[in-house]
Amino acid sequence: MIVRVWKGWARPGLADRYEAHYRSEVAAHLQGVDGFLGARLLRREADGEVELVSMTYFRDLDAVRAFAGPTYEQAVVEDAARAVLTRFEETVAHFDVAVTIEGAGGGPGSDGG
């Protein structure tokens with residue numbers, strides 16, 4: 001399994017708009033990709049900004065390419081996202097998942113939070 005990690009930053013008043021974009025447009029795009037396994041959006045306030053970390057999970061690099069195209073190491077940032085982000089990483093990091101440890105509840109976030 002591959003995890004694709006990307007970061008962006010928004011002003012506190014606009015971070016909710018990015019989250020809504022992620023829940024709708026990004027989710028719809030990802031769910032249409034063969035080999036897409038799931039996604040998480042992390043957020044935290046730091047230094048007057050909201051840092052957003054997207055972690056998307058794919059079966060393999062072919063699935064990543066199906067989502068991001070042949071230049072899959074470039075970030076996919078739609079105009080709606082660019083409008084609310086103050087800055088973002090232009091490239092993405094890809095990791096092989098080496099170890100997964102799940103809790104008795106079925107894993108992080110299984111209770112909705």
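We number each residue from 1, following the sequence as shown.
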For the atom pair CG (L30) and CD (E25), what is the distance rounded to the nearest 0.5 Å?
12.0 Å

Any side-chain heavy-atom pair of [X] and [Y] under 4.5 Å:
X   : Y   : result
V76 : R4  : yes
V5  : V92 : no
D16 : R43 : yes
V84 : H21 : no
R59 : V64 : no

Give me the ring orientation class for W6 and F88: parallel if the planes are under 30° apart, tilted from 30 to 60°, perpendicular past 60°.
tilted

Side-chain ion pair, E49 and R11, N-O less than 4.0 Å:
no

What about [X] and [Y], same hydrophobic cluster or not, with Ile/Leu/Val/Met/Phe/Trp/Tyr joined at side-chain heavy-atom distances under 4.5 Å?
X   : Y   : value
L14 : V77 : yes
I2  : L42 : no
F95 : F58 : no

Taking all heavy atoms of G48 and all of P12, pick out the closest pair and write down the distance.
O-CD, 3.4 Å

So which atom in A63 and which in V33 form the shortest heavy-atom distance, rounded to 0.1 Å?
O-CG1, 3.6 Å

Among residues at least two apart in sequence or on other chains, which ones pass salt bridge (Lys or Arg N to Asp or Glu O under 4.0 Å) with R82?
none

All salt bridge (Lys or Arg N to Asp or Glu O under 4.0 Å) counterparts of D47, not counting sequence neighbours:
none

Please check: side-chain N/O of T86 versus main-chain N/O of W9, any donor-acceptor pairing under 3.5 Å?
yes

Return yes if some donor-acceptor pair links the side-chain N/O of D60 with the main-chain N/O of D62 below 3.5 Å, else return no.
yes

Taking side-chain contact (heavy atoms from CB on, under 4.5 Å) as the test, write out the residues that go with L41, two or more places apart.
Y18, E19, Y22, L52, S54

What do the steps show when you test Y72 against H94 for ring pair (Phe, Tyr, Trp, His ring centres under 6.0 Å), and what is the final call?
CA-CA 10 Å; Y72 67 92; H94 296 91; 5.2 Å; yes

Just checking, any donor-acceptor pair under 3.5 angstrom between side chains of T91 and Q74?
no

